[in-house]
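Here's the structure we're looking at; comments come further down.
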Amino acid sequence: MERNFKRISEGLKLPQESRERIRSQLASYQKQSEDIPMKKSTLRSRVPLIAVAVVMMMALTLTAAAAVVVHLFRNDIIVSSRDDIPTPSSENGAPGAVGITSPGGTPPAPLEEMIESSRQKTDDWSSGTSLGGGVIAEYAQWDFVDVLSSDPSLRSRRIGREDGAEKMEYTAENPANLLDTLTARVTFDLEWLNEHYDYVPDANLSFVVLDAGGSYVSELFDALYAKKDGSGYVEVEIHNVAQADYWGQSYIIDGSYETAYYYTSADGYEFLIRMHNGRVWADCNTSHASISLYGAYLTTVEVEDILDNLSLTINE
């Protein structure tokens, strides 16, 4: 059963496979206020949901104290069967809805199709026909654009609407040039990825959204990479929102995907990795951030290598 979704695509004319890829990341079902118990037999190498991600030593006068940042991972939950999925109650006490994610049977979209959809912002940069899109529904519709730069090394434009909200949007030939356009709420490094994969020129995007009062709302980074032998690709998506506990959780029936397991990256972040019929997903959701890989014809080793070399830090 497919889920309903909070996250909106970039408002582009995407093919069905690309829409499915973007939408399949997040559920809009009711959030669980507490972690739901899981049978240990359904998980492979899962660390506890609450994991220590960053430890910083702070000097306080003459003594030192350790400050620990703790992340509650909100990844989808693998269960043995439908019988293991608890039925939540709605506000009036009636049974509520739960989301169950399944892979579908379609193979990955060809790289050429991925490139076409990922380049649409860049290709329409000065025309003003591709303004729409956002992470949060309330900030997906936009009215006008002011193109600041069309330099391929880093294009920039200011997109606004009548109520005063603003989206600063960027694309670049090399996605590494987009890193400084983000707010550092989520930091990562593309050096290893640029060395081992070929970035697709101009098939990338970043933006930061502010509300009418100038307060932070959300941001996005998206970039497409191809395997050097042309046999597959991977798209990296980084989302962050000001709203806490934004990302919903769904359930996965063990065995519905060819491969589904939890993996803790070298930086200490838990990812749910899924593979089916040539398609690959890897997702890490926290209270504010969503880190996602979508790929075609990647091995588990290749996916884990990418995750281990992102130098990921989520600051929340």
Side-chain angles (χ1 to χ4, degrees), residues 5-12 22-23 25-28 31 33 53-54 56 58 67-75 121 125 130-149 154-172 175-190 204-223 235-249 267 269 283-292 310-316:
F5 307 93
K6 283 184 179 179
R7 185 189 305 169
I8 304 174
S9 70
E10 271 303 293
L12 307 178
I22 295 174
R23 297 182 311 179
Q25 306 299 322
L26 302 170
S28 64
K31 295 189 294 292
S33 60
V54 182
M56 298 183 300
M58 300 177 63
V68 180
V69 177
V70 178
H71 295 286
L72 175 64
F73 296 110
R74 300 183 57 80
N75 299 325
K121 283 286 187 178
W125 194 251
S130 62
L131 306 185
V135 181
I136 297 177
E138 293 82 355
Y139 293 89
Q141 299 298 319
W142 303 91
D143 301 320
F144 48 84
V145 60
D146 179 17
V147 176
L148 304 178
S149 173
L154 182 62
R155 303 173 190 86
S156 61
R157 60 185 187 178
R158 181 182 294 107
I159 298 173
R161 63 186 192 186
E162 298 300 333
D163 68 356
E166 178 179 283
K167 175 171 66 167
M168 285 298 301
E169 199 169 66
Y170 308 86
T171 69
N177 292 342
L178 299 179
L179 297 184
D180 288 341
T181 69
L182 302 172
T183 67
R185 288 170 169 84
V186 180
T187 63
F188 54 99
D189 188 272
L190 298 176
N204 52 65
L205 173 69
S206 69
F207 63 67
V208 176
V209 175
L210 304 179
D211 66 16
S215 297
Y216 175 83
V217 174
S218 62
E219 64 192 288
L220 170 145
F221 169 89
D222 184 289
E235 182 175 23
V236 180
E237 292 184 330
I238 313 289
H239 299 77
N240 194 78
V241 297
Q243 180 179 335
D245 299 325
Y246 181 75
W247 314 109
Q249 287 179 293
D267 301 311
Y269 294 93
D283 303 289
C284 174
N285 295 327
T286 68
S287 182
H288 295 273
S290 176
I291 318 300
S292 302
L310 277 179
S311 299
L312 179 64
T313 300
I314 300 174
N315 300 300
E316 59 182 33

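Keep in mind it's a predicted model, so treat the numbers as computed, not measured.
Scanning both residues, Asp283 and Ser292, for their nearest heavy atoms gives OD1-OG, 3.0 Å. Shown here for Tyr139 and Val217, the closest heavy-atom pair between the two residues is CD1-CG1, 3.7 Å. Taking every heavy atom of both residues into account, Leu179 and Phe188 meet most closely at CD2-CE1, 3.4 Å. Between Trp247 and Val135, the shortest heavy-atom distance links the atoms CH2-CG1, 3.8 Å. Across all non-hydrogen atoms, the minimal contact from Tyr216 to Asn240 is OH-ND2, 3.0 Å. Minimum interatomic distance between Leu220 and Leu182 (heavy atoms only, all atoms of both residues): O-CD2, 3.7 Å.
When side chains are defined from C-beta on, Ile136 counts as touching Tyr246, because their heavy atoms get closer than 4.5 Å. Thr181 is listed as a side-chain neighbour of Leu154, based on a closest heavy-atom distance under 4.5 Å. Side-chain contact check for Leu205 versus Leu178: every heavy-atom pair is 4.5 Å or farther apart.
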Please walk me through it: do Tyr269 and Ile314 pass side-chain contact (heavy atoms from CB on, under 4.5 Å)? CA-CA 9 Å; Tyr269 294 93; Ile314 300 174; 3.7 Å; yes
Run the side-chain contact (heavy atoms from CB on, under 4.5 Å) check on Asp245 and Arg74 step by step: do they pass? CA-CA 8 Å; Asp245 299 325; Arg74 300 183 57 80; 4.3 Å; yes
Candidate pair Thr313 and Asp267, rule side-chain contact (heavy atoms from CB on, under 4.5 Å), full reasoning: CA-CA 7 Å; Thr313 300; Asp267 301 311; over 6 Å; no
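Under the side chain to side chain donor-acceptor pair (under 3.5 Å) criterion, Ser218 pairs with no residue, sequence neighbours left out. Ser156 pairs by the side chain to side chain contact (heavy atoms under 4.5 Å, CB included) definition with Leu148, Ser149, Tyr170, not counting sequence neighbours. Partners of Arg185 under the salt bridge (charged side-chain N to carboxylate O under 4.0 Å, His left out) rule, at least two apart in sequence or in another chain, do not exist in this structure. By the salt bridge (charged side-chain N to carboxylate O under 4.0 Å, His left out) test, Asp143 is found to be paired with no residue, residues two or more places apart in sequence or in another chain being considered. For the side chain to side chain contact (heavy atoms under 4.5 Å, CB included) test, residues two or more places apart in sequence or in another chain that qualify with Asp163 are Arg161, Ala165. Considering only residues two or more places apart in sequence or on other chains, Asn204 meets the side chain to side chain donor-acceptor pair (under 3.5 Å) condition with none of them.
Side chain to side chain, Ser287 and Glu316 fail the donor-acceptor criterion of an N or O pair below 3.5 Å.
To the nearest 0.5 Å, the span separating NE2 on His239 from CD1 on Ile291 amounts to 9.5 Å. Distance CD/Gln141 to CG/Leu131: 10.0 Å, rounded to 0.5 Å. Thr171 contributes atom OG1, which lies 10.5 Å from atom CG of Asn177 (distance to the nearest 0.5 angstrom). Leu310 contributes atom CG, which lies 8.5 Å from atom CG of Asp189 (distance to the nearest 0.5 angstrom).
Side chain of Gln249 to main chain of Asn75: a donor-acceptor pair is present (N/O by atom type, distance under 3.5 Å, no hydrogens or angles). Although no hydrogens or angles enter the test, the distance criterion places a donor-acceptor pair under 3.5 Å between the side chain of His288 and the main chain of Ala242. Arg157 places a side-chain N or O within 3.5 Å of a backbone atom of Trp125 that can act as its donor or acceptor partner. Side-chain atoms of Glu169 do not come within 3.5 Å of backbone N or O of Ile159 as any donor-acceptor pair.
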